[in-house]
Amino acid sequence: MSLAERVKPHIASLEPYQPGKPIEVLERELGIPNAAKLASNENPLGPSPKAVKAIQQAAQGMHRYPDGASYQLRNALAERLEVSPAQLVFGSGSSEVLELLAKAFISPGDEVVFAWPSFSMYPIVTQGMGGTPVQVPLDADLVHDLPAMTDAVTERTRVVIVCNPNNPTGTSVGAAAFDRFVESLPDDVVLVVDEAYVEYARRADLPDALGWVARRPGTLVTRTFSKLYGLAGVRVGYGIADPELAGYLERARHPFNLNLLAGAAALAALDDIEHVEATRRANAEGGEQLTQGLEALGFRVWPTDANFLLAELGEDAYDKLLHQGVIVRPMGGFGLVGCVRISIGTAEENEKLIKAVETWRGSKA
Ligand SMILES: *Cc1c(COP(=O)(O)O)cnc(C)c1O
């Protein structure tokens with residue numbers, strides 16, 4: 001029998017995750033130097049300097065296995081979030097926490113309900129366990145259609161995921177709609193609230209997802225050090241749940257899934273208030289800069305609560321920008337025809353993108 005006949009069909013048919021193009025690849029393929037990568041929602045200011053220092057120090061001890069319980073980080077974060085240490089689960093990025101959840105709860109035939117377009121790891125982790133993704137289209141404003149998601153829940157639904165703010169649209173849902181939605185869910189369905197971008201959200205009526213963790217057993221909130229804290233390359237994410245649910249995810253993980261350097265970096269970054277504040281400020285200003293710049297050129301930009309924004313720049317915008325040394329994320333594959341997702345960069349990077357768009361706007365108008 002061939003391998004192709006042996007491999008699990010739901011693995012063989014997986015569409016692999018499509019990462020943003022790395023700067024080095026653009027330089028190698030097209031010979032374009034000094035590219036701006038605005039494709040993966042990374043922190044344009046770089047990592048927390050305190051985290052860099054912590055990694056340098058921790059490196060002296062990297063012949064030892066890390067503390068598998070992440071004692072220090074767990075306690076620091078629990079204090080910050082006002083939850084008990086037993087409510088936290090760490091992962092190699094919050095993507096791993098999602099994978100742990102799928103591993104613990106999804107069997108072949110089970111359904112996972114989430115909005116679409118949304119984070120492409122949701123179908124991957126679902127299908128990875130043989131589950132069936134149930135994708136509920138966003139509404140006309142590209143916001144989660146929560147009533148339609150309620151309607152999509154069936155006897156076979158094990159998990160429902162709300163990405164708030166949503167990637168790749170930057171849109172968010174408010175507390176009233178969210179609370180109604182949670183109340184509509186059967187108690188035995190696990191609710192995941194993916195808050196990878198929540199620290200950037202500016203809406204006043206942001207849902208209190210952690211409040212729901214306290215009130216509704218079977219609720220998991222996921223967050224990450226990849227975005228605000230600038231640690232995408234070392235991989236630290238976490239989940240917050242009731243102790244029972246957190247305990248199942250703890251059983252599903254590898255003992256040393258959070259490596260020594262990642263743990264040290266996250267602990268230091270958590271206390272780097274200066275870096276966090278500078279990041280938030282740069283993001284707010286950069287968001288304004290991009291929105292105003294692109295709207296002034298006559299393009300549609302969606303309001304954002306995250307560190308990226310969705311813009312309708314025309315069908316070949318991705319390639320045109322690439323050739324001018326600006327990497328964004330094409331959205332055609334998500335059904336958002338003519339749209340790209342732009343990570344908010346430094347003022348200089350944002351300007352480079354606006355200038356690039358300006359060069360072709362004339363020929364289109
Ligand atoms: C970036 C992102 C994550 C987190 O990714 P990790 O680097 O694995 O922590 C999770 N959810 C969404 C929606 C994201 O965009």
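Note that ligands are numbered from 1 as they come in the structure, with each ligand's atoms numbered from 1 the same way. FYI, the numbering just counts along the sequence from 1.
- Using modelled atom types, no side-chain atom of D271 and backbone atom of A268 make a donor-acceptor pair closer than 3.5 Å.
- In this structure, N41 does not count as a contact residue of ligand 1, since none of its heavy atoms falls inside 4.0 Å of the ligand.
- For atom 1 (C) of ligand 1, the closest heavy atom belonging to the protein is K227 NZ, 1.3 Å.
- Taking a 4.0 Å cut-off on heavy atoms, C163 registers as neighbouring ligand 1.
- Every atom of ligand 1 is numbered from 1 in the order shown, and the set under 4.0 Å from a heavy atom of S226 is 6 (P), 7 (O), 9 (O).
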What donor-acceptor contacts under 3.5 angstrom involve side-chain atoms of residues 242-249, with partners at least two apart or in another chain?
from : atom 1 : to   : atom 2 : distance (Å)
D242 : OD1    : G218 : N      : 2.8
D242 : OD2    : E244 : N      : 3.4
D242 : OD2    : L245 : N      : 3.1
E244 : OE2    : Y248 : OH     : 2.5

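- Cation-pi geometry between R158 and F105 is not met at under 6.0 angstrom from the ring centre and within 45 degrees of the axis.
- By the 4.5 Å heavy-atom criterion applied to side chains, R329 and S40 are counted as neighbours.
- Between the side chains of N164 and S172, no donor-acceptor pair of N or O atoms lies under 3.5 Å.
- Between T224 and ligand 1, at least one N/O pair is under 3.5 Å apart.
- For atom 4 (C) of ligand 1, the closest heavy atom belonging to the protein is S94 OG, 3.1 Å.
- Listed by number with element, the atoms of ligand 1 under 4.0 angstrom from any heavy atom of N167 are 13 (C), 14 (C), 15 (O).
- Side-chain contact between V213 and V83 is absent, with no heavy atoms from C-beta onward closer than 4.5 Å.
- The contact set between ligand 1 and A196, taken as ligand atoms under 4.0 Å from a residue heavy atom, comprises 2 (C), 3 (C), 10 (C), 11 (N), 12 (C), 14 (C).
- Within ligand 1, counting atoms from 1 as listed, the ones closer than 4.0 Å to a heavy atom of S95 are 5 (O), 6 (P), 8 (O).
- Side chain of D67 to backbone of Y71: a donor-acceptor contact under 3.5 angstrom is found.
- For the ligand labelled ligand 1, residue G93 lies inside the 4.0 Å heavy-atom shell.
- In terms of protein heavy-atom proximity, atom 11 (N) of ligand 1 is nearest to D194 OD2, 2.7 Å.
- Both the sub-6.0 Å distance and the 45° axial angle are satisfied by R215 relative to the ring of W212.
- Residue contacts with ligand 1, taken as heavy atom pairs separated by less than 4.0 Å, involve R235 solely via side-chain atoms from C-beta onward.
- When only non-hydrogen protein atoms are considered, atom 15 (O) of ligand 1 lies nearest to Y197 OH, 2.6 Å.
- When only modelled atom types and interatomic distance are considered, T222 and E195 share no side-chain donor-acceptor pair under 3.5 Å.
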